[in-house]
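Numbered from 1 within each chain, the chains take letters A, B, ... in sequence-line order.
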Number of protein chains: 2
Amino acid sequence: MSSTHGARARARIEVTAAIKEEARRQLANEGAAKLSLRAVARELGMASSAIYRYFPNRDDLLTALIIDAYDSIGEAAEAARDAAADAGPIERWTTVCERLRGWALEHPHEYALIYGTPVPGYTAPATTVPPAARGAMVAIGILRDAHQGLGLARPVLPDELRPEAVRMAATVAPDLPPEVVATMLATWAQLFGLIGFEVFGQFNRVVEDRDIFFRHAVRQLAHTVGLVYPQQGPAAGRAGSAGRPAARPS
Amino acid sequence: MSSTHGARARARIEVTAAIKEEARRQLANEGAAKLSLRAVARELGMASSAIYRYFPNRDDLLTALIIDAYDSIGEAAEAARDAAADAGPIERWTTVCERLRGWALEHPHEYALIYGTPVPGYTAPATTVPPAARGAMVAIGILRDAHQGLGLARPVLPDELRPEAVRMAATVAPDLPPEVVATMLATWAQLFGLIGFEVFGQFNRVVEDRDIFFRHAVRQLAHTVGLVYPQQGPAAGRAGSAGRPAARPS
DNA sequence: ACATGTTCGTGAGCACTGCTCTTGCTTTGG
DNA sequence: CCAAAGCAAGAGCAGTGCTCACGAACATGT
């Protein structure tokens, strides 16, 4: 049916890709708010109305770019996880976090598209959900490994949070303890607070050496989320500075 | 010179206020990207060109709204701090954090204006810096009080972060230990990660009971930033669940 | 091989935007 | 009282998202 049959179908996916590519360029130059379909068409040498054969409206173009961005950052996270496959959970965590930050700094406008101000009146369709979850799934995977390998402390939850934690765990990672999932989600949001502040310039004139600052903050987050150095037979990384069993109050 | 002399000057500041007010209304309805000067003028019953007597261009109107928003959230933080003046540092911290979140949920578009994606090509003028710092100053004040009252643990910093921590402390809070300032800045960014995820809908379909989730996360942040219940003579709040001295590794 | 239905690019056009400039009017200060 | 300065209005320019009717190129069933 809709395979790469004729020259027509082939041309269609080529033009679609060219539009997205040019749109991404404009995104980097002007930002999402000023993304102009007419300008994209002009740069591609086609009539402005021709764009609408490929994307019914501006928001749909944005949706395509959003999905691509989620896939891109998700892929980066997965690659970082795989590159640090032999290291311990804390090293894997920090490696993934630093790669997420690196991606954000390399693609600030695409980062803004997915983690910044949502486009007004635009609600992301359901198709964006799976790509959006890729990054978080990488983090959850690291926690899962640590959980199975005694490298994860189970934080103590207050009773009032327990039902919500159980609910969250059921929809996100049913095989992990609810305490871990709840803490993980909060930590995940906090991580993007750090990244966002840097990308959006909130650290200007305040934090200078942001590499080191971020590295330290992310190690602290690893502790917050419950990652500790394994207690029996340390993993690949140096395990000199041992961690506590660490059950935190309230 | 430029006091409230004639009826003309009075009218000017009245019209300026009316423009900002109407602009804020449009902001809440349509978002910053679709803020239309013509629509503002139309709603105010004046010619579109008349707006430019008061704001030379659209970005300057946005700048005014940004400053107002910073002042508004800063004022909210200060009010929360004063309302909890008699409580202990942890209660003050959580009260301020929950007020910040409350303000953000009440004014999502103004929140997006100051903590979301920056307007492309627009760099905030220096006049926005003092209002922007108001909120963080409230948090620093709480830490200062706790520091003087033995309610603050001094976290252990790795050596590589020390010079940067000293630099940050010098420009932000010279009277506080560098470790505290460094940890505080990271925690501050993480707090806005939590708020941003909620305001921008990243928690949709994942976190249901966000009040409780946020309250727990903020208590955890209080621990991260080093706030503990005072060791000699507990403060006003209940001090039953005592905290550890808590010096954290790496 | 031919006719049919679908897809595509085009250019005109609508309603809207930010912004500029000239033209007159009103208020102000000397 | 009168010149100077501030002000609103309207026309106009260039740009935007988006629609529509039109031929041309393609795909496909008979």
Quiz item: Checking all strands, does A/L61 fall into the base, sugar-phosphate, or nothing category for heavy-atom contacts under 4.0 angstrom?
Solution: nothing

Practice problem: For B/L35, answer base if it contacts any base atom (sugar-phosphate contacts may also be present), sugar-phosphate if it contacts only those atoms, and nothing otherwise; contact means non-hydrogen atoms under 4.0 Å. | Solution: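 It contacts sugar-phosphate atoms only.
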
Quiz item: Has the side chain of A/E164 got a donor or acceptor atom that lies under 3.5 Å from a matching backbone atom of B/D209?
Solution: yes

Quiz item: Given D/dG17, is OP1 or OP2 found less than 4.0 Å from the side-chain N or O atoms of A/R38?
Solution: no

Exercise. Look at the side-chain N and O atoms of B/Y54 and state whether any lies under 4.0 Å from the OP1 or OP2 oxygen of D/dA8.
Key: yes

Quiz item: Donor-acceptor pair under 3.5 Å: do we get one between A/R58's side chain and the base of D/dG17?
Solution: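 Such a pair does not exist between side chain and base.
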
Self-check item: Donor-acceptor pair under 3.5 Å, B/S49 side chain vs D/dA8 base
Solution: no

Out of [options], which nucleotide sits closest to the side chain of [X]?
X: A/S48; options: D/dG15, C/dC16, D/dC18; answer: D/dC18
X: B/R53; options: C/dT17, D/dA8, C/dC8; answer: D/dA8
X: B/S36; options: C/dG18, D/dT16, C/dC16; answer: C/dG18
X: A/R42; options: C/dG18, C/dT10, D/dG15; answer: D/dG15

Quick one: [X] [atom1] to [N] [atom2], roughly how many Å, whole number?
X: B/M46; N: D/dA9; atom1: CE; atom2: P; result: 7 Å
X: B/Q26; N: C/dC16; atom1: CD; atom2: C1'; result: 13 Å
X: A/I19; N: C/dG9; atom1: CD1; atom2: C1'; result: 12 Å
X: B/Y52; N: D/dG12; atom1: OH; atom2: C1'; result: 14 Å
X: B/D59; N: C/dG18; atom1: CG; atom2: P; result: 11 Å
X: A/R10; N: C/dT7; atom1: CZ; atom2: P; result: 19 Å
X: B/E14; N: D/dG6; atom1: CD; atom2: C1'; result: 17 Å
X: A/I51; N: C/dC8; atom1: CD1; atom2: C1'; result: 13 Å

Quiz prompt | Heavy atoms from other residues, nucleotides or ligands near CD of A/E21 exceed 12 (cutoff 6.0 Å) | solution =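 For A/E21, atom CD is not crowded (no more than 12 foreign heavy atoms under 6.0 Å).
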
Quiz prompt | Along DNA chain D (nearest heavy atom to each residue), the more 5'-positioned of B/A47 and A/L37 | solution = B/A47

Quiz item: Strictly under 6.0 Å, is that where the ring centroids of B/F200 and A/Y115 end up?
Solution: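 That pair fails the under 6.0 Å test.
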
Exercise. Inspect the contact between A/R99 and A/E75 and indicate whether a charged nitrogen and a carboxylate oxygen are less than 4.0 angstrom apart.
Key: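 Salt bridge flag = no for A/R99 with A/E75.
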
Quiz item: Under the salt bridge (charged side-chain N to carboxylate O under 4.0 Å, His left out) criterion, do A/D211 and A/R101 qualify, and how do the steps go?
Solution: CA-CA 10 Å; A/D211 289 352; A/R101 166 181 179 256; 2.8 Å; yes

